[in-house]
Amino acid sequence: MIDQTFDLVIIGAGPAGMAGALEAAKHKLSVLVLDEQPEEGGQIFRSISTTERLRPEIFALLGNNYQSGRKLLFSFQRSGVKYFSGASVWLVEADKSVSFLQNGIAHQVKANRLLIATGAQERPVPIPGWTLPGVMGAAAADVLLKSSGAVPSGRVVIAGSGPLMWLAASRFAETEVSILAVLETVNFSNYLQALPYLPQALLASEYLKKGFRIKMQLRKAGIPVLSGVHNLRAEGAKGLEKLYFTHRGNSKSLELDTLLLHEGVVPNTKLTQQLGCDHDWHELQSYWYPLLDQWGNTSVKGVAVAGDCGIVAGALTSEASGHLAALESTFQLGKISQKQRDAAAHPFRKEINHHKAVRPFLEHLYRPNPKILVPQDDSTLVCRCEEVTAGFVRQAVKFGALDLNRVKAYTRCGMGQCQGRMCELTAAEIIAEAQGKSPREVGYFRCRPPLKPITLGQLAGLEKKIKAS
Amino acid sequence: MVQLLKVLNNSIQKGLMLKRLQKSQDKVVTFWFEKNPVQAQEGESVAAALLIAGVKYLRYAQVSAKPRMPYCWMGVCYECLLEIDGEQNQQSCLITVKDGMHVRRQLPAIEKI
Amino acid sequence: MKSANIIVVGGGIIGVSLAYGMAEQGEKVTVLDNGRGVNNASRGNFGLVWVQGKGAGMPRYAQWTMEAAQTWQTFSEKLGEKTGFAIDYEKQGGFEVCLGETAWSQRKVELEQLQRESSFGKYDFQMLDRQSVQDLIPGMLLGEAVTGASFSPHDGHLNPLKLLTALIAALGKNGVTLYSDQQVESISYRNDCFEIKTSAENFSAKKVVLACGLGIKALAQQVGLEIPMRPQRGQILVTERTKPLLAYPFVTLRQTREGSFMIGASHEDVGFDTGTTLLQMRSLAGHAVQIFPELSKLQLVRCWGALRILTPDTKPIYVESEICPGAFVVTSHSGITLAPLHANILSKWILDGATPEGFEQFHSKRFDA
């Protein structure tokens, strides 16, 4: 069944995964990288190789933020690390054996150390009508541009908050996409609360300058930007047709074809939850994240995390944290001394500290609006898979289901195929609000395998061995 | 057969969901959706290629049978699940088009077996 | 100090069945649940209302099970009428599949033995050959290894989560007070009265019923009862939904009303670990695919492990403490099947001391060395 044990198995091939792999390979660790995507890059550098090769105009459009990923990609490809694309990890066990599915065949491989680098996902934005065809994430649309060179073809409205929303707006404004408006949902009070952190943020001023440039660009392009937008509601028969919202107390509406929603990103915690790692609740950004030491070690021995599936901090921090986690693995496996590890870590720590400076400002400014975290309209779907409404979740709480797992048993919320990825955070917020608690007390779903689709036949036929070259 | 064509026709309404940004057609990839040939470009995901071709939704919701389209485009929303070359529940936003691929919708709670 | 009439410790299937039954007779009941039961048997079970094969070595238990099966329809209808909740109860009979030749003859021998032991009359079952089973299930082809099955017309299934919800709703309608976040820490007995300390409150009660599964052992000692029990893990798989294909439950495979298939279960001695293992998942998947190869196309959506509460002979323990009269223990790993009896008959035992014939066979003293 298992032919060889790898020194390090890395799950994810974004900046953190690639950096971790090439660092580990440098120290002659045997490394296997498992990536569910068809090629390296994660989300920020999604399909970078294919885009450069087949869609050079788009490659140019995506700018330096994207193009800079080439360097990391080349280093990764030259490192000689074993890389499996299209490999979805559906189970990780306590002994660090990893079960994954590739080309319809189930495999299992053993690791001495695990590095989880599965990145972040967009926070789902549950507004009434968000399941209508025509509604998608803003970062999702950005990923679509990178992965397939496609853009929304009709009238587009971008709504939400956060740096990635502005980035998406900026990119689409440079193309023939017809943007009717950008609607920002940030409360004015967020600006006031973020202000004390502005001086610190200026130490990493490239982020702020970028934000400013984007706003200027949109103004120049004649794209209306409205701030303080609330009460978004999407409507349509077979697909999206109209968007309602309030702005400065006035009710407004727009006819449109595509709505791009964004309210920040949240870590992909399925693997760390499935492994039983300790997690904590991020008060400002309202998400669960695994508790890590300064090397990315989780509370489970031999399991480390790098990148945005820890705390969301962006690509450059992710890359640096990948290096640190790999150095730690190298030290733990006895290939380098503690002194050597600490010395090699120095430049990466410096990098992380530099980017850290802007986080408090951004986290306060883009603190999610409670009205968005907790859908006010009872008819809003919380669980897309099982079609459970906010009202039904509230009813469950009244009935005595006081935490997430009990609400799941009562409503079926979280029992669908996405296993809570689209509903868990929202359900937690609703349950917490109904009881005047923090979502921290409400907990998260007991994470059970399989983490990714696998059929009974594939599971029953599990037999292949993995050889390391 | 008539039922399927009806479904397909209904899904290609006026106004396409997505369009290609770059017009060059270096390498065309042809695959099958239901019984219809679809032309895509090399390097596109199956889900994107279908929406570019005019398909308005990829699946129906499990309970209400309302139409659904991909939301996250990165493998977490599971709205892009299609049958590809006989394999069920493929996340089509993560799979690149290949010549001769056979892609089918999966009707909810009905025809899995 | 809150004063209560009767306190039931444990808000799982058994606890709420008992409370429901007592409340239906007009008693004021309080239920204390610690809210941590999400991985307990009540929420992790397979949903079978099962008679076939039960009671080997204790005919009274086989009879008890049969009684339950015969009253289930009425119980379900009454619960539905009271609460408006459907629990998807169906009784069309059930199968235990036989894979391979030896299994078929072994099964026949087991069931004939049970028939001989059962003193209460016909304990009916049928041994069906492969073709007969296939004829009853036209929707899917049987796997090659299936040689036949045993069939009992008394078997059925339901949705266990809906049952628990419906019972809790019934408690609400009957004015039962249910605390869903209180862990009972100690019980003391003084002056014909029980003082119950929880994590949040103190209660006094005239009677206390311990129906908290694996938590019974420690609390029972505090009221002078030794209850031997141990956890046994069962892992279960659940698939995505599909069209209705299987009307009859198998003891290891059933299709829910929603359309998903449940496959179970393992029997593991792993202490209190409710985790899942690749080994068992593969084994269960392999088993399902052996029975119906077409199931191999279905996506596995989730699996879990839950703990059965097993007494040394796997039969129920129903006992009242002699040292602390008024303290009762009710435990069984068939809480679903026996729910109507727990509600209708055991409630009378707790309230009035009325016991059915042969009841002493369920006393815990049968385990005394």
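Chain naming here is simple, since letters A, B, ... match the order of the sequence lines and numbering starts at 1 in each.
Of the two parts of Val388(A), neither the backbone nor the side chain holds a non-hydrogen atom closer than 4.5 Å to a non-hydrogen atom of chain B. Proximity to chain A (any heavy atom under 4.5 Å) is restricted, for Gln91(B), to the side chain, taken from C-beta onward. Contact of Leu58(B) with chain A is not made at all, since no heavy-atom distance falls under 4.5 Å. When heavy atoms are compared at a cutoff of 4.5 Å, Val143(A) approaches chain B solely by way of its side chain, counted from C-beta outward. Both the backbone and the side chain of Cys77(B) come within contact range of chain A, each with at least one heavy atom under 4.5 Å from a heavy atom of that chain. Using a 4.5 Å cut-off between heavy atoms, Leu61(A) touches chain B through its side chain atoms alone. For a residue to count as touching a neighbouring chain, one of its non-hydrogen atoms must lie under 4.5 Å from one of that chain's; by this rule Gln43(A) touches chain B with the side chain only. Heavy atoms closer than 4.5 Å to chain B are found in the side chain of Leu381(A), but not in its backbone. Contacts between Asp142(A) and chain B at a heavy-atom distance below 4.5 Å are absent for every atom of the residue. For chain B, no part of Lys270(A) is nearby; none of its heavy atoms comes within less than 4.5 Å.
The shortest heavy-atom contact between Pro152(A) and Thr258(A) is CB-OG1, 3.6 Å.
With chain B as partner, the option from Gly149(A), Ala140(A), Pro38(A) having the largest number of non-hydrogen pairs under 4.5 angstrom is Ala140(A). Heavy-atom pairs under 4.5 Å with chain A peak, among Arg68(B), Met69(B), Glu44(B), Met74(B), at Arg68(B).
Taking the six-membered ring where tryptophan is involved, the planes of Tyr71(B) and Trp130(A) are perpendicular, since the angle between them exceeds 60° and thus also 30°.
When side chains are defined from C-beta on, Thr272(A) does not count as touching Pro267(A), because their heavy atoms never get closer than 4.5 Å. Here the side chains of Glu34(B) and Arg105(B) are in contact, with some heavy-atom distance below 4.5 Å. The side-chain heavy atoms of Leu62(A) and Leu145(A), taken from C-beta on, include a pair separated by under 4.5 Å.
Within the cation-pi definition used here (under 6.0 Å to the ring centroid, within 45° of the axis), Arg412(A) does not qualify as a partner of Phe392(A).
Going from atom OG of Ser147(A) over to atom CZ of Arg55(A) covers 7.0 Å, rounded to the nearest 0.5 Å.
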Item to check | Check against side chain to side chain donor-acceptor pair (under 3.5 Å), Thr50(A) and Glu39(A) | outcome: CA-CA 8 Å; Thr50(A) 300; Glu39(A) 62 184 279; 2.4 Å; yes
